[in-house]
Structures are given as C-alpha cells and as structure tokens.
Amino acid sequence: MISSKTKLCVGIGDPIKQSIGPIVYNKAYEQLGVADEFVYLSFLIKADDIGDFIKGARAMGLRGITCTMPHKEIVMPHLDKIDEHAKKIGAVNTVVNDNGILTGYNTDWIGAVKPLENVTELKGKKVAVIGAGGAAKAFVYGLTNEGCDVTIYNRTVEKAKSLAEQFNCKYSSLDEQSEIKNADIVCNATSVGFVGQDAEMPIDPENLSPNQIVFDAVYSPLKTELLKYAESIGAKTVYGSEMYLYQGFEQIRLYTGHEAPEEAMRSFVMELINAK
Ligand code: ATR
C-alpha cells in the first residue's frame, strides 16, 4: 500500500516513453516485499530543464533517479558527490538521495562486465568493441579495468580515437575490421540491430568465428541478427537484456538497500521484451 512514507524513484530521459523501467522496477519492489516503501515512475525531462528538475528532486526528497539520454553527462554539475567510477567514465546513470545529499553513480559498466564474467575469465582477453557512444564507453571502461586488451571500432573514426585516448586502448575505423576475427570477445555497442534496424548487423559476419563470445548491447529484439548468426556458427552469445538487468540490479541495490530479485527480474524482462 502506497502511503506518505513511500519513497519515489524516477527514470528521466528524452525520449522516455520507450522505457520499461516503471514496469520492471515496481515489479522488483513487489518481489522484494518493499512496494509500500518504494514506487518508481518515469518522466520526460528536456535537457534544458535538468537543473530545475534536480532542484525539484531535492525539494520533493526523491530517493533515486535513473538518468538516460540526454542526461547522463549534463546532470553531473548539479549533484553533491560523484562516485569514483562515474567520475572516470564521465557519466552518471544513477542518482541516490541520502538525506538531501545527491550522489551520482554509474552502473552501466557493471552491466557490461558482469554478464561476460558469468561466461568467461576476462583478464588478458582480446575484445572488439563496436561503437563509440555511451554504451561503448561502459564496455571500454569496464573491460579495460578488468585487464582486457580492447580495440574500439567505429563508423566515425574520430569518435573511436577520442574514446580510445580517454581509456588508453586501441581503435580502428569500422571499414578496417578484419582484425575482429582474432578477438576473443565481440561487443556490439552500436544501435544497429535495434527494432527499426533489426535486419542489419553492425559488422561483416565473416569476421565472427565459432570460438568467440558475442555480446550485443541491443536488447530489443532479444535475439538480434548478430546473435542469431553467432549462434548459427556455434559462438557463445550474451544477450543485451543481461546488460540491462545487471545495471538495474545494482540500481535496485542502491535505491532500496536490498539485493535485486535477479531470477524474477530476468524472466519478467525477457517476457516483456518478447511481448513487444
Ligand atoms: P548510445 O548512447 O546508445 O551508445 P550513441 O551515443 O548515439 O548511443 O552511439 C551510437 C553508436 O552507434 C555510435 O558509435 C554510432 O556510430 P557513429 O559514431 O559513427 O555515429 C553507432 N551507429 C549508429 N548507427 C550506425 C550504423 N548504421 N552503422 C554503424 N554504426 C552506427
């Protein structure tokens, strides 16, 4: 039962209507038995309004804020503290309000690392990250931290170069991608494969091989063309839903202080994506 003691967590972005956050997080609160303590809603907040929004969040005593595009970087100057990982990445996707002190965290890199750790040892692995945007940043930060040998491949090579300089790794234009074949792990961090572009693959499938692990950050559809192809040649695959889930497990922990109900959230998210 929602009461005057219930704390509000929100997801903000522009656009936001595609977000599955309210459905998934309220379900998780229910599973944890804390649905009377926490409720989750989402709001469309324009980039120009982020300062006003944070003032409002302070005044209302919001418990947590999940930041998606375009807020991950521009929210930072409005917060009181930034956690070490978020500082190094230069982006915040989670804000926690502890008695009026707003701290920014980044859980996206956890979503990049944990699903891979579930299937392989990471240290020393050769990784190809495709893309150089926000999702790529989470992969590159997380995987270089774990001791992987990362190369960034991007359509716009200047963006690959600047990300590679930030995290001290290698880069290449997507036009020269034959080296991907020698990678142990291939991560798609572009939007290619997402609903609307779901007939496409971000790389030439000839550059995939059966002994690789292929991780696609795209989670809708659940099984992208890239993953379908990877599975057809016997490569191990990691679905984008795992990235979404692991960044979310950590957010739930930060907001509620409880470990997320992982299995229940996983089956719920898979069902939700499949129904889309
Ligand atoms: P996100 O935050 O989801 O990572 P983003 O920051 O807009 O989104 O980054 C999108 C990434 O997908 C970029 O690396 C982009 O390449 P460019 O830097 O060249 O724009 C990549 N991308 C999008 N559409 C693409 C396509 N059709 N082919 C190759 N790369 C594409």
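First listed ligand is number 1; within each ligand, the first listed atom is number 1.
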Quiz item: Would you say Glu262 and Leu245 make side-chain contact, with heavy atoms under 4.5 Å?
Solution: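 Side chain of Glu262 against side chain of Leu245, heavy atoms only: no contact under 4.5 Å found.
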When you check ligand 1 against the protein, what N or O pairs turn up below 3.5 Å? List the atom names and distances, or just say none.
from	atom 1	to	atom 2	distance (Å)
ligand 1	2 (O)	Gly134	N	3.3
ligand 1	4 (O)	Gly134	N	3.1
ligand 1	4 (O)	Ala135	N	3.0
ligand 1	6 (O)	Gly134	N	3.2
ligand 1	14 (O)	Ala132	N	2.9
ligand 1	14 (O)	Asn154	OD1	2.7
ligand 1	16 (O)	Asn154	OD1	3.3
ligand 1	18 (O)	Asn154	ND2	2.8
ligand 1	18 (O)	Lys159	NZ	2.8
ligand 1	19 (O)	Arg155	NE	3.0
ligand 1	19 (O)	Thr156	N	3.0
ligand 1	19 (O)	Thr156	OG1	2.4
ligand 1	20 (O)	Arg155	NH2	2.9
ligand 1	27 (N)	Arg155	NH1	3.4

Quiz item: Can you name the side chain to side chain contact (heavy atoms under 4.5 Å, CB included) partners of Leu222, sequence neighbours left out?
Solution: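 Applying side chain to side chain contact (heavy atoms under 4.5 Å, CB included) to Leu222 gives Tyr239, Ser241, Met270, Ile273, Asn274.
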Quiz prompt | SB check Glu225 Lys228 (cutoff 4.0 Å) | solution =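 Salt bridge present between Glu225 and Lys228.
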Exercise. Could you identify which residues cluster with Ile110, counting Ile, Leu, Val, Met, Phe, Trp and Tyr as linked when any side-chain heavy atoms lie under 4.5 Å apart, either directly or through a chain of such contacts?
Key: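 Listed partners: Ile89, Trp109, Val113, Leu116, Val119, Leu122, Val127, Val129, Phe139, Val140, Tyr141, Leu143, Val150, Ile152, Val157, Leu163, Phe167, Tyr171, Ile185, Ile213, Phe215, Val238, Met243.
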Run the side-chain donor-acceptor check on residues 32-55: report pairs under 3.5 Å with partners two or more places apart or on a different chain.
from	atom 1	to	atom 2	distance (Å)
Tyr40	OH	Thr66	OG1	3.1
Lys46	NZ	Asp14	OD2	3.3

Practice problem: Measure from the side-chain N and O atoms of Arg63 to the backbone N and O of Val96, and report whether any donor-acceptor pair falls under 3.5 Å. | Solution: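 No, Arg63 side chain to Val96 backbone: no donor-acceptor pair under 3.5 Å.
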